[in-house]
Amino acid sequence: MSDPPAAAVDGIEFRHVPETDQHFENALAKARDGVRLTVDDGVELLTTGTDRAGIDPARKEAVLEAADHRRAEVVGDDVTFVANLNNNVTTACDTGCLFCNFKDRASAFEADAPDDHGGFTKTPAESRQAVVDAVDLGISEVCSVSGLHPAFALDADHRELLEAATDPDALNYRPPEAYTTSPGTYVEQIRAMSVDGVHVHSITPEEAYHARRGTDRSYAEVYRRLRDAGLDSAPGTAAEILVDEVREVICPGKMDTEEWLDAMEGAMAAGLPVTATIMYGHVENEMHRVMHLKRVRDLQDRTGGITEFVPLSFIHQQTPLAEQGLVDGGATDAEDELMIAVSRLFLDNIENLQTSWVKFGDAKSLKTLSCGANDFMGTLLSEEITKRAGGDYGEFRSVADYVDMVTAIGRRPVERSTNYERRYPIDPDDGPHGPRLGPRADGTPMLDGTAPTADD
Ligand SMILES: C[S@@+](CC[C@H](N)C(=O)[O-])C[C@H]1O[C@@H](n2cnc3c(N)ncnc32)[C@H](O)[C@@H]1O
Ligand SMILES: Nc1c(NC[C@H](O)[C@H](O)[C@H](O)CO)[nH]c(=O)[nH]c1=O
Ligand SMILES: N[C@@H](Cc1ccc(O)cc1)C(=O)O
Ligand code: SF4
């Protein structure tokens with residue numbers, strides 16, 4: 001009847017466990033009535049009741065249905081997506097997150113090291129060229145998240161400070177000359193990616209932390225400088241699970257929960273919209289997942305600046321967590337569906353809920369569009385993070401792919417801008433289909449016929 005548990009977690013004892021005084025039926029009634037849910041309510045829904053082991057299929061369907069209704073009430077039936085490029089600048093990173101296989105040790109990029117690390121660093125000029133090519137294809141957004149390369153500084157002033165530091169190693173700084181290729185500064189990268197007014201979505205809280213290391217600048221100040229250089233919004237990754245006892249296991253080198261919240265508030269204080277994420281399906285339990293949702297909901301109550309929430313299902317295959325035996329799988333289908341549904345029901349102050357074809361594949365993401373999700377991510381054109389972790393769902397979806405998939409489930413595909421302010425509803429019968437919202441978009445299909453996942 002029920003799915004097996006997501007992951008065996010040996011030897012980790014957590015203070016927070018999925019136990020509550022609430023009953024599943026009460027929590028479901030509140031969810032159906034649109035009453036704001038407590039953490040205990042969320043745990044009851046996510047577990048389909050803590051009174052029984054495993055996931056109860058009938059109760060699960062009831063939760064998915066409530067979330068689907070809520071989605072229709074809040075955002076209607078349109079399914080949105082963004083025409084975008086993922087441009088990762090560098091894989092060099094020494095933060096050591098145990099769920100991540102995107103990173104390569106920075107020492108492998110040093111000028112005197114053998115060039116066999118399999119990773120990459122792009123100069124600002126190389127980033128610009130990648131964006132120019134994609135803007136020609138019609139994209140409206142470049143999404144850029146990267147490793148914390150030790151040679152990165154915010155700008156020339158920051159570099160000067162880092163160069164003068166008594167112990168630069170302690171600040172995770174090494175000068176660009178130490179490396180075969182320099183990523184330049186964050187400001188140079190953002191300027192380089194600002195091609196013809198394309199929307200630049202970049203600088204996660206962890207990257208902002210790196211961009212202020214060794215200084216007493218506030219996050220707002222750092223994000224303001226980046227905004228002046230052309231940054232338009234920030235991705236809320238690095239959230240993982242916003243409960244420190246979990247972060248200590250999966251990403252001990254990363255900022256803690258408070259610092260993540262501080263960075264997000266700084267971005268919003270600088271006038272930038274942000275997204276928020278959760279990465280689940282590893283060592284955490286349902287109590288952690290819902291505590292995370294509560295922290296995101298509180299942040300949105302304080303700021304109102306979060307445009308979308310993105311549940312990222314952990315891809316386990318080629319990661320240190322799996323290699324060290326800390327996990328033996330990711331989330332099950334039922335857990336993925338419930339994560340989407342409970343995110344919709346719990347986050348009553350965030351309109352848009354994204355499903356990721358990169359993490360779920362097409363079939364499961366389509367299913368989640370009837371479990372609470374309304375946004376179907378973006379065209380990406382390139383994807384490294386999931387691929388390097390062992391994910392196998394490709395790197396690109398064309399506008400034609402989106403039209404086919406979304407119309408197949410009886411919904412209307414709508415191309416959106418990053419912040420959902422501009423929308424272009426697509427008439428499925430009026431093909432061929434290409435992006436419309438980018439600075440050079442004219443409806444020409446993006447990579448028709450040549451892309452690995454395009455229709456043939
Ligand atoms: C790879 S990092 C790059 C940006 C920056 N270094 C940071 O940590 O914010 C972006 C996000 O990818 C997600 N990620 C990394 N490895 C993953 C995996 N194996 N499965 C699912 N998501 C993953 C994490 O949520 C992480 O915060
Ligand atoms: N969900 C994932 C994303 N999301 C990025 C979006 O495509 C877009 O940038 C955002 O909606 C802002 O408009 N990117 C990935 O590489 N992998 C994902 O799983
Ligand atoms: N979805 C995130 C960005 C992201 C980037 C890479 C990922 O692997 C996951 C998420 C955002 O739009 O803010
Ligand atoms: S998740 Fe980000 S910070 Fe952590 S190791 Fe990967 S690239 Fe580095």
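Atoms within a ligand are numbered from 1 in the order they appear, just like the ligands themselves. As the structure is a prediction and not an experimental result, all values here were calculated from the model.
Close contacts of ligand 1 with Ser313, meaning ligand atoms under 4.0 Å from a residue heavy atom, involve 21 (C). Within the listing of ligand 1, atoms 19 (N) sit less than 4.0 angstrom from a heavy atom of Ala389. Within ligand 2, counting atoms from 1 as listed, the ones closer than 4.0 Å to a heavy atom of Asn86 are 15 (C), 16 (O). Heavy-atom contacts of Thr204 reach the following atoms of ligand 1: 5 (C), 7 (C), 9 (O) (cutoff under 4.0 Å). Close approach of ligand 2 to His201 is summarised as follows: ligand atoms under 4.0 Å from at least one heavy atom of the residue are 9 (O), 12 (C). Close approach of ligand 2 to Cys143 is summarised as follows: ligand atoms under 4.0 Å from at least one heavy atom of the residue are 9 (O). Those atoms of ligand 2 that come under 4.0 Å of a heavy atom in Gly378, given as number and element, are 7 (O). Taking every heavy atom of Ala238 and a limit of under 4.0 angstrom, the matching atoms of ligand 1 come to 9 (O), 27 (O). Less than 4.0 angstrom separates some heavy atom of Ser146 from each of these atoms of ligand 1: 3 (C), 4 (C), 5 (C), 6 (N). When each atom of ligand 2 is checked for a heavy atom of Val310 under 4.0 Å away, the hits are 1 (N). Residue Asn84 approaches ligand 2 through these ligand atoms, each under 4.0 Å from one of its heavy atoms: 6 (C), 7 (O), 8 (C), 9 (O).
Using a 4.5 Å heavy-atom threshold, the side chains of Ile241 and Val283 count as separate. Contact check for Phe376 versus Met405: side-chain heavy atoms found under the 4.5 Å cut-off. Counting heavy atoms from C-beta outward, Leu154 and Arg217 have side chains that approach closer than 4.5 Å. Between Glu284 and Phe14 there is no side-chain heavy-atom pair separated by less than 4.5 Å. Proximity of Thr91 to Phe120: side-chain heavy atoms (C-beta onward) are separated by under 4.5 Å at one or more points. In this structure the side chain of Phe309 never reaches within 4.5 angstrom of the side chain of Arg344, judged on heavy atoms. The closest side-chain heavy-atom distance from His201 to Val82 is not below 4.5 Å. The closest side-chain heavy-atom distance from Leu437 to Glu141 is not below 4.5 Å.
Contacts of Tyr280 classified as ring pair (Phe, Tyr, Trp, His ring centres under 6.0 Å), with partners at least two apart in sequence or in another chain: none. In this view, His316 satisfies the ring pair (Phe, Tyr, Trp, His ring centres under 6.0 Å) rule with no residue, not counting sequence neighbours.
Residue contacts with ligand 2: Arg416 is included, with a non-hydrogen atom under 4.0 Å away. Using a 4.0 Å heavy-atom cutoff, Thr277 is absent from the residues neighbouring ligand 1. Ligand 1 has no atom lying under 4.0 Å from any heavy atom of His316.
For ligand 1, one of its N or O atoms has an N or O atom of Lys254 under 3.5 Å away. In terms of N/O distances under 3.5 Å, ligand 2 is not approached by Thr275. Distances between N or O atoms of Leu312 and those of ligand 1 include no value under 3.5 Å. The shortest N or O to N or O distance between Asp375 and ligand 2 is not under 3.5 Å.
When non-hydrogen atoms are compared, ligand 1 lies under 4.0 Å from neither the backbone nor the side chain of Cys93. Residue Leu312 touches ligand 2 through its side chain alone, judged by heavy-atom distances below 4.0 Å. Under 4.0 Å from ligand 1, not a single heavy atom of Ala239 appears. Heavy atoms of Leu380 found under 4.0 angstrom from ligand 2 belong exclusively to the side chain. Contact annotation for Lys359 and ligand 1: only side-chain heavy atoms (C-beta onward) come within less than 4.0 Å of the ligand. Here Glu395 has no heavy atoms under 4.0 Å from ligand 2, in either its backbone or its side chain. Heavy atoms of Thr307 found under 4.0 angstrom from ligand 2: none, in either backbone or side chain. With a 4.0 Å heavy-atom cut-off, ligand 1 is reached by the backbone of Ile315 and by its side chain too.
Aromatic ring centres of Tyr186 and His158: separated by at least 6.0 Å.
Comparing His149, Glu240, Met279 by heavy-atom distance to atom 26 (C) of ligand 1, the nearest is Glu240. When the heavy atoms of Met279, Met377, Glu141 are ranked by distance to atom 3 (C) of ligand 2, first place goes to Met377.
Remark: Tyr209 OH is loosely packed, at most 12 non-hydrogen atoms of other residues, nucleotides or ligands lying under 6.0 Å away. Heavy-atom contacts from other residues, nucleotides or ligands closer than 6.0 Å to CZ of Arg105 number 12 or fewer. Counting non-hydrogen atoms of other residues, nucleotides and ligands closer than 6.0 Å to CG of Asp392 gives a total of 12 or fewer.
Salt bridge Glu221/Arg224: absent, no basic N to carboxylate O contact under 4.0 Å. A salt bridge is defined here as a Lys NZ or Arg NE, NH1 or NH2 lying under 4.0 Å from an Asp or Glu carboxylate O, and Arg416 with Asp375 meets this definition.
Taking the six-membered ring where tryptophan is involved, the planes of His292 and Trp260 are tilted, since the angle between them lies from 30° to 60°.
Residue pairs meeting the side-chain hydrogen bond (donor to acceptor under 3.5 Å, both in side chains) criterion with at least one partner in residues 246-256, sequence neighbours excluded, are Glu240-Lys254.
For the residue pair Asn349 and Asp301, a side-chain donor N or O sits within less than 3.5 Å of a side-chain acceptor on the partner.
Within a radius of less than 2.8 Å around atom 4 (Fe) of ligand 4, the protein N, O or S atoms are Cys97 SG.
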### Query
Would Asp68 and Ser370 satisfy side chain to side chain donor-acceptor pair (under 3.5 Å), going step by step from the backbone distance to the final call?
CA-CA 5 Å; Asp68 193 40; Ser370 305; 4.8 Å; no

